[in-house]
Amino acid sequence: MKPDRFVIPTHIRQAVAAGRPVVALESTIIAHGMPYPENVRTAAAVEQIVREGSAVPATIGVVSGRVTVGLTSEEIEIFATSDSVGKAGERDLPVAVARGEHAATTAGATMAIAAAAGISVFVTGGIGGVGPTASQDFDISADLLALAHYRVITVCAGAKAFMDIAATLELLETLRVPVGTWRTDEYPLFYSLRSGHASPWVVNSAEEIAAAFQAKLDLGMDGGILIAVPVPEAEALPDKEAIAAAKAALAAIRERGITGKRVTPFLLSQIATETRGRSLAANQALIRNNAKLGAAIAVALAEHA
Ligand code: PSU
Ligand code: MN
């Protein structure tokens, strides 16, 4: 990696160099996953939770073509409000950098950057997955490939509820990504607690997750680990309601012919309308909750090393 392509504030650079706990955060959820002002408030709250958990937050995005590991609050405000901030998956990164653009990074692109910057823990809301009509349209999120490729622990609340969860879990197995569920024997469904799919690996402590990651490194294996944490019960949507809202939103994209990377942002906002804002409240609660565990894992990893 060429240093002049990256902007890393000194406090983050020093924390990484000293092996202190650092948690990477993505910016697509800010620019394209939530409306203003909930997006800025959530971004700030998540960073604060990471700090309270004794880790250093680093929100990642591309600013004027430079890969930035630790967006400032001014930059987060721009990402949250400007229409000129694109959504960069991993394949979009080189183009955004070469063009000198601003771009929010998806979960997958954020994992790539975190790994390059030496950060081992990444917190997001929901990862992408295998789309419900993937057998015809090949809509499979590049997040899954990034999970298989980069040595990063990703903490999420599951794949977004409008994905084909069974297929997503199958593909993660094929891609040899360990998938842990936090204190539950069922894989969570993002907005709701249960998906009906058994957990491949139940995890009960941050230390256990850090130890498995360390073992993976010690075995010389590439790729990361995915941890799925159920949304806090108070904000969870009933399973039926979450599934019905996802179905209605999927019908709306078909009607409007929306494809490619516009699908996920459209579905998120459609589901928020459909559930009268309750999915948005769930989304905020789950990412805050994930941040708490992410910080604890980063601390456990730092102590392990
Ligand atoms: N989870 C959320 N909100 C989001 C996303 C995930 O709660 O906005 C974003 C993530 O950045 C994820 C992306 O990587 O959606 C997946 O997009 P796609 O399905 O196009 O791969
Ligand atoms: Mn997609």
Side-chain angles (χ1 to χ4, degrees), residues 24-36 38-40 42-43 45-46 59-62 79-80 85-93 103-114 122-147 149-150 152 154-165 167-168 171 188-192 224 226 228-229 231 235 237 242 245-246 249-250 253-254 258-272 275 278-291:
L25 301 162
E26 60 142 314
S27 48
T28 291
I29 187 164
I30 302 171
H32 306 287
M34 282 184 194
Y36 185 80
E38 283 84 359
N39 52 2
V40 197
T42 307
V46 165
T59 302
I60 290 175
V62 179
F79 274 52
V85 178
K87 171 183 166 188
E90 232 180 303
R91 73 148 179 195
D92 307 305
L93 278 179
T105 50
T106 64
T110 306
M111 282 174 230
I113 296 165
F122 162 55
V123 167
T124 183
I127 55 157
V130 177
T133 50
S135 63
Q136 289 125 55
D137 60 19
F138 282 88
D139 180 12
I140 298 172
S141 176
D143 290 353
L144 302 182
L145 280 291
L147 283 163
H149 194 74
Y150 297 105
V152 172
T154 295
V155 182
C156 71
K160 277 153 289 173
F162 39 82
M163 297 295 168
D164 181 335
I165 303 302
T168 301
L171 186 53
L189 193 57
F190 192 57
Y191 297 126
S192 56
L226 180 66
V229 187
V231 55
E235 277 90 3
L237 299 187
L250 285 167
I253 55 160
R254 274 195 294 274
I258 293 171
T259 57
K261 62 187 190 183
R262 289 175 56 225
V263 168
T264 293
F266 179 84
L267 287 174
L268 288 167
S269 81
Q270 191 72 18
I271 292 172
T275 59
R278 287 176 53 222
S279 67
L280 179 58
N283 205 346
Q284 290 169 272
L286 65 85
I287 189 165
R288 288 196 304 262
N289 191 43
N290 296 348

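In each ligand, atom 1 is the first atom listed, and ligand 1 is the first ligand listed. Heavy atoms only: backbone and side chains are in, while hydrogens, waters and symmetry mates are out.
- At the top of the distance list for atom 8 (O) of ligand 1, counting protein heavy atoms only, stands G33 CA, 3.3 Å.
- If you check which protein heavy atom lies closest to atom 10 (C) of ligand 1, you get E26 OE2, 3.3 Å.
- Considering every non-hydrogen atom in both A134 and D139, the closest pair reads CB-O, 3.7 Å.
- Looking only at heavy atoms of the protein, atom 2 (C) of ligand 1 is closest to I29 CD1, 3.7 Å.
- Within ligand 1, the atoms closer than 4.0 Å to a non-hydrogen atom of A107 are 10 (C), 11 (O), 12 (C), 14 (O), numbered from 1 in the order shown.
- Residue, atom and distance of the protein heavy atom nearest to atom 21 (O) of ligand 1 are S141 OG, 2.8 Å.
- The proximity of L268 to ligand 1, defined as any non-hydrogen pair under 4.0 Å, is limited to the side chain.
- Taking atom 16 (C) of ligand 1 as the reference point, the nearest protein heavy-atom neighbour is K160 NZ, 3.5 Å.
- Close N/O approach between K87 and ligand 1 is found [any backbone or side-chain N/O within under 3.5 Å].
- Close contacts of ligand 1 with N283, meaning ligand atoms under 4.0 Å from a residue heavy atom, involve 7 (O).
- Considering backbone and side-chain N/O of M163, none are found under 3.5 Å from N/O of ligand 1.
- To the nearest 0.5 angstrom, I113 atom CD1 is 9.5 Å from Y150 atom OH.
- In M34, neither the side chain nor the backbone holds a heavy atom less than 4.0 Å from any atom of ligand 1.
- Residue contacts with ligand 1 for T106 involve both N, CA, C or O and side-chain atoms from C-beta outward (heavy atoms, distance under 4.0 Å).
- Contacts between F190 and ligand 1, counted as non-hydrogen atom pairs separated by less than 4.0 Å, involve the side chain only.
- Remark: the backbone N or O of V130 is paired with a side-chain donor or acceptor of T168 at under 3.5 angstrom.
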Review point. Can L280 and M34 be said to form a side chain to side chain contact (heavy atoms under 4.5 Å, CB included), step by step?
Key: CA-CA 7 Å; L280 179 58; M34 282 184 194; 3.7 Å; yes

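- V231 is not listed as a side-chain neighbour of Y191, based on a closest heavy-atom distance of 4.5 Å or more.
- For the Mn ion (ligand 2), the nearest N, O or S atom contributed by D139 is named OD1.
- Close approach to G126 involves these atoms of ligand 1, each under 4.0 Å from a residue heavy atom: 1 (N), 2 (C), 6 (C), 7 (O).
- Contacts with ligand 1 closer than 4.0 Å are made by side-chain heavy atoms of D143 only, the backbone lying farther away.
- In this structure, NZ in K160 is found 12.5 Å from OG in S279, a value given to the nearest 0.5 Å.
- Counting atoms of ligand 1 from 1 in the listed order, those under 4.0 Å from a heavy atom of T264 are 15 (O), 17 (O), 18 (P), 19 (O), 20 (O).
- Without hydrogens or angle criteria, S27 side chain to I60 main chain gives a donor-acceptor distance under 3.5 Å.
- T28 contributes a side-chain N or O that, together with a main-chain N or O of T106, makes up a donor-acceptor pair within less than 3.5 Å.
- Under the 3.5 Å distance criterion, the side-chain polar atoms of D164 are left unmatched by any main-chain donor or acceptor of P132.
- Closest approach of A228 and G158 over heavy atoms only: CB-N, 4.0 Å.
- Of the inter-residue distances, the one linking D143 atom CG with E90 atom CD reads 9.5 Å to the nearest 0.5 angstrom.
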